[in-house]
Each structure stands twice: as C-alpha cells, then as structure tokens.
There are 2 protein chains.
Amino acid sequence: MLISTIPDPAEPATLPLEEQTYRRLRQALVEGVFAPGDKLSIRRIAEALGTSPMPARTALRRLAAEQAVDVMPSGTAVVPRLTREAFQEMAAIRAALEPLAIRLAAPRLGAPTLQRLQAMLDEHAAARASGQPEYFLRVDRDFLFALYRAAEAPTLIGMIEALWLRRGPLFWEARWVLMARPAEAAHRHGQILDALRRGDGEAAARELEGEITDATSFLLAEMRFAGDPAPAGLAALAGKRGASRPPRPLQRRAF
Amino acid sequence: MLISTIPDPAEPATLPLEEQTYRRLRQALVEGVFAPGDKLSIRRIAEALGTSPMPARTALRRLAAEQAVDVMPSGTAVVPRLTREAFQEMAAIRAALEPLAIRLAAPRLGAPTLQRLQAMLDEHAAARASGQPEYFLRVDRDFLFALYRAAEAPTLIGMIEALWLRRGPLFWEARWVLMARPAEAAHRHGQILDALRRGDGEAAARELEGEITDATSFLLAEMRFAGDPAPAGLAALAGKRGASRPPRPLQRRAF
DNA sequence: AGGACGGTATCGTGATCACAAAATGACGGC
DNA sequence: GCCGTCATTTTGTGATCACGATACCGTCCT
C-alpha cells in the first residue's frame with residue numbers, strides 16, 4: 001500500500017501526532033482504502049506517515065479497542081474480515097441502536113435541520129443517478145448521521161460510528177452490489193423524513209429498522225463473506241484467496 | 001491511592017505487560033477502586049505497577065477508547081463523572097441492547113444453562129439477605145452476563161460490557177442505595193428466568209427492559225450526579241467538593 | 001510437484017531519554 | 001482575607017534502542 005492512499009490530514013499541525021495518525025487511519029478504514037484481511041504493521045504505518053512507531057502504535061491500539069481492526073496474537077493489526085454471523089449480529093445491533101437514535105432525535109428536530117435533511121435527500125437522488133457508488137454511499141451515510149447527531153447523545157453516536165467503522169471495508173467491496181438495489185428501497189429515507197416532519201418519531205424509527213433489515217438480507221444474499229465456500233468453477237482460477245476483486249494493485253501487502 | 005488497592009493479577013507472567021496493566025485497571029474500575037473524578041496519571045500507574053510508563057500509557061489509552069475513562073485535553077486520564085443526562089442516555093442504550101441479547105440468547109438456552117442461572121438466582125437472594133452490597137451487586141451482574149453470554153454475540157457483549165464498565169464507579173457509590181430498593185424489584189430476575197424456561201424470549205426481554213427502566217428512574221431520584229446542585233445546608237460543611245463520601249482515605253490524589 | 005525445513009528480515013514490546021506543555025504551590029499585592 | 005502571578009515540579013508525547021518472537025521465502029528433501 002502506497003503512502004498516497006492514506007487520506008491527507010489537512011489539519012493544523014497543532015494536534016498530537018497520535019491523533020492525526022488515528023484520524024487518517026480511521027478515515028482510510030471507512031473509505032475502504034484497505035481491504036479486509038490487510039495487515040497494518042506499526043512500523044510500516046509509521047514510515048508511511050513519516051513518524052516514529054510510537055504514534056502509530058497508539059493509534060492502532062485505539063482502533064483495536066473500538067473493534068475497528070482486529071489484532072492477531074502476534075500483535076499485528078489486521079482489517080477485519082466479517083463472517084456471515086458477525087455481519088448478522090452487527091445488523092441486529094444496528095436495528096436496535098439506530099432507531100433509538102431517531103426516536104431521541106425526533107423531538108429535537110427544528111425546521112432548519114429538517115430542511116438540511118431534505119437537501120441531503122435531494123443530493124441522494126442525484127448521487128444515485130450519477131452512478132458513482134462512492135458518492136452515493138457517502139451521501140447515504142451523511143443523511144443518517146446528520147439525523148443521529150440531532151439526538152445529541154454522544155455515547156450512542158460513538159457506538160453507532162464504531163459499528164459503521166467496522167463495516168467500512170465490507171461496504172466498499174459491496175458498493176456496486178448496493179447500487180443495484182431496487183430503487184424502491186432508497187425511498188425509505190424519504191419516508192423517514194416524512195414521518196419526522198409529522199413529528200412521528202416512532203414511525204420513522206420503525207421505517208429505519210425495516211430498512212436495516214432489508215438491506216441486511218439483501219447483502220446476505222448477494223455478497224460473499226469470510227468463511228463462505230468459494231464458487232466452484234472459479235476457485236481453481238482465482239486461487240485459494242477466493243476473492244476476485246479486480247482493480248486493486250498487485251502485491252497489496254498493506255503497509 | 002495506594003498500590004495495594006489495585007487488584008492483583010494472578011496471571012501467569014506470560015501475558016504482555018500492557019495486557020496485565022489493562023486488566024488490572026479495568027477490574028479496579030468495575031470494582032470501584034477509583035472514585036469518579038480521580039486522575040490516573042501514566043507515570044504514577046507505571047510506578048505503582050513497577051513497569052515503565054509505556055504499558056501504562058497503552059492500557060490507559062485503550063480504556064479511553066472504550067470510554068471507560070475520559071481523557072482531559074492535557075492528556076491525563078480521569079475516571080468519568082456521569083452527569084444526569086449521560087446516565088439517562090446510557091440507560092436508554094442499555095434498554096435497547098440488553099433485551100436484544102436476551103432475545104438472541106433465548107433459543108440457545110439448554111437445560112444446564114437454565115440450571116446454572118437458577119443457582120445464581122438463589123445466590124442472589126442469599127446475597128441480598130447478607131446485607132453486603134458488593135456481594136449483592138456482583139451476583140446481580142454475574143446472572144445477567146451469564147445470560148448475555150449465551151447469546152454468543154461477541155460484539156454485542158463487548159458493547160454491553162463497555163457500558164457497565166463506564167457505570168462501574170457510579171454503581172459503587174450507589175451500592176447502599178441500590179440495596180435499599182424494594183425487594184419486589186429483585187424478583188424481576190426470577191420472572192425473566194421463568195419466561196426463558198417457557199421459551200418466551202420476548203417476554204423475558206420486555207421484563208428486562210422494564211427492570212432497566214425502573215432501576216434507572218430509581219437511581220435518578222435517589223442519587224446525586226455530576227453537575228447537580230449541592231444540598232444547601234451541607235454545602236458549607238462539606239466544602240465545595242460537594243460530595244460527602246466518608247470512608248475514603250484523605251489526600252486521594254489517585255495515582 | 002508438493003510439502004517440510006531453516007535462515008533472514010521484520011515485527012511488536014518495553015525501557016529510556018529529551019522536550020514542551022500543563023498543573024501545582026508559594027509568594028506578594030490588592 | 002482573597003486573588004493574581006511566577007517558579008518549580010510533574011505530566012504526556014514522541015524518538016530511539018535492544019530484545020525476543022514471528023512471519024516470510026527460498027531451498028531441499030521426499
């Protein structure tokens with residue numbers, strides 16, 4: 001993995017190096033710079049970022065503590081490969097937590113926030129039409145998190161972010177599959193916003209729960225997960241790595 | 001805070017020092033060795049544990065990442081003081097997550113597990129009768145976590161543990177108040193177990209949700225939180241620290 | 001040709017040090 | 001008597017180093 005793949009900080013150099021390292025790695029994770037299974041070595045990251053191993057170590061351990069990366073018994077961090085069971089479990093947690101965020105947010109939504117959400121929804125449609133999955137997914141995410149943030153529940157938001165962080169690498173792989181979802185599913189966000197405009201947080205929460213459930217079963221059907229058997233005919237061609245993701249540079253030893 | 005207050009590891013020295021440090025601090029946190037507001041200095045902890053500052057730093061940052069401690073802008077870790085709002089938010093999250101764990105666990109409960117849970121329930125009654133709040137709280141916690149663990153949902157359990165970890169110091173302060181709760185509330189665990197024996201996970205989950213809600217409003221009414229106004233008459237006597245916790249050693253500069 | 005083996009490069013851990021920022025405590029002035 | 005100010009101490013950060021363990025890769029044997 002090349003240095004240039006790590007998103008630039010654009011931060012004033014006043015923040016501690018550890019914080020900068022943490023943020024860059026975290027953003028790289030959600031943006032799918034790393035593929036599941038990539039190994040993140042302390043020394044390589046430090047070298048890539050031009051620091052000593054120390055800030056990289058701290059940042060990596062911090063990500064490990066929030067489950068954003070796994071850590072092998074040797075101590076090396078690795079981008080998590082989600083199994084089918086783990087993905088299902090996370091979906092169940094999301095289905096409990098994110099509707100709760102909406103319920104908490106509902107009574108706090110003022111006209112300006114509702115307008116901002118509507119604007120994001122319009123952009124959502126544009127993003128879908130654009131055919132650029134990364135744009136589409138980002139807008140999708142921004143809409144939901146703008147909503148969650150209105151709940152003013154920092155602990156809850158932190159937990160939801162941790163879940164999305166862990167899902168990041170998989171979502172990147174799933175981006176084309178996700179755009180192929182029937183457009184009807186995308187209108188859910190509109191219905192959520194409608195319900196919120198009526199002041200019916202409960203309906204909005206139920207709508208979101210349905211959306212999470214549907215998207216999950218869609219992905220469970222359409223995606224391959226860690227531990228899935230390789231498709232018979234292709235296995236011999238692709239090698240035991242199993243995945244045939246085309247556009248990544250060869251020799252991806254991560255850092 | 002004296003060295004001897006940190007629980008002993010009883011671990012084979014084969015684990016990395018950072019892991020040992022982390023576990024000891026974590027246990028100290030749930031056991032209420034530290035009071036909310038205590039400052040946990042890297043160097044002091046390292047000295048108390050006879051290591052270099054490095055493992056202490058890593059362990060502390062790990063605890064910070066899971067919200068078990070807060071970290072001041074200067075970088076010093078501090079045992080969190082829960083505000084009323086934060087406590088309420090955490091209760092709402094618990095009310096979403098822990099019933100989910102029960103729902104997931106319900107279909108997986110076999111006869112041996114149910115028996116073990118019943119045994120813990122009996123011990124629960126004994127603990128209540130004993131009048132020792134620490135014993136009482138520990139058994140209470142063990143019963144619930146034994147149940148949650150049956151869900152075999154590691155991510156979910158990790159999140160629930162993180163919530164309890166954050167609540168630890170407050171619960172320690174609340175231990176006498178909690179034992180004073182009407183005994184009727186304690187029978188809820190029995191009703192949960194009954195529902196699970198009938199295979200009705202849904203009823204058990206609702207029961208737990210009610211228990212969490214009730215315990216929360218009880219504590220909100222009975223306890224004082226960070227940011228609460230000091231009781232008028234006592235303020236002059238107790239000084240501006242506000243709290244009158246009697247049995248702690250003076251000059252508690254933490255580590 | 002496939003699998004086991006051994007050597008080498010790399011890895012994570014933890015100690016020590018230098019430095020700058022922050023907290024602490026005492027002193028003097030209002 | 002109370003508050004602001006300054007010097008001292010303590011704090012966290014990050015770099016560097018040594019050490020033991022691990023993983024990787026080419027080679028050899030079967």
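Numbered from 1 within each chain, the chains take letters A, B, ... in sequence-line order. Excluded from the calculations below are hydrogen atoms, water molecules and symmetry mates; all remaining heavy atoms, backbone and side chain alike, are included. All values reported here derive from a predicted model rather than from experimental measurement.
- In this structure, the CD1 atom of A:I42 is 15 Å from the P atom of D:dG14, given to the nearest Å.
- Residues B:R61 and A:P73 both approach DNA chain D. Their nearest nucleotides, taken by heavy-atom distance, put B:R61 toward the 5′ side.
- Spacing between atom CD1 of A:I45 and atom P of C:dT10 amounts to 17 Å, rounded to whole angstrom units.
- Without hydrogens or angle criteria, B:T76 side chain to B:M72 main chain gives no donor-acceptor distance under 3.5 Å.
- Ion pairing of B:R26 with B:E161 is present here, as a side-chain N (NZ or NE/NH1/NH2) and a carboxylate O approach within less than 4.0 Å.
- In this structure, A:E18 atom CD and D:dG14 atom C1' are separated by 11 Å, rounded to whole Å.
- Here A:S74 does not reach the OP1 or OP2 of D:dA21: none of its side-chain N or O atoms lies under 4.0 Å away.
- For the pair B:R62 (side chain) and A:A65 (backbone), a donor-acceptor distance under 3.5 Å is absent.
- D:dC19 atom P lies 17 Å from atom CG of B:L17, rounded to whole Å.
- You'll find that the side chain of B:S52 is closest to C:dG14, out of D:dG14, C:dT13, C:dG14.
- Taking atom NZ of B:K39 as the reference point, atom P of C:dA22 lies 14 Å away to the nearest angstrom.
- Distance CG/B:L165 to CD/B:Q27: 11.0 Å, rounded to 0.5 Å.
- One interatomic measurement links the two molecules: CG of B:L60 to P of D:dT11, which rounds to 12 Å at whole-angstrom precision.
- Place B:T76 and A:P53 on DNA chain D by their nearest nucleotides, and B:T76 ends up nearer the 5' end.
- If you take CZ of B:R43 and C1' of C:dA15, they are 13 Å apart, rounded to a whole angstrom.
- In this structure, B:R57 atom CZ and C:dT16 atom P are separated by 14 Å, rounded to whole Å.
- Considering only side-chain atoms of B:M54, the nucleotide from C:dA15, D:dA23, D:dT16 that sits closest is C:dA15.
- Taking 4.0 angstrom as the limit, A:S41 places a side-chain polar atom (N or O) nearer than this to OP1 or OP2 of C:dG12.
- One finds no salt bridge joining B:R116 and B:D142 here, because no Lys/Arg side-chain nitrogen approaches an Asp/Glu carboxylate oxygen to under 4.0 Å.
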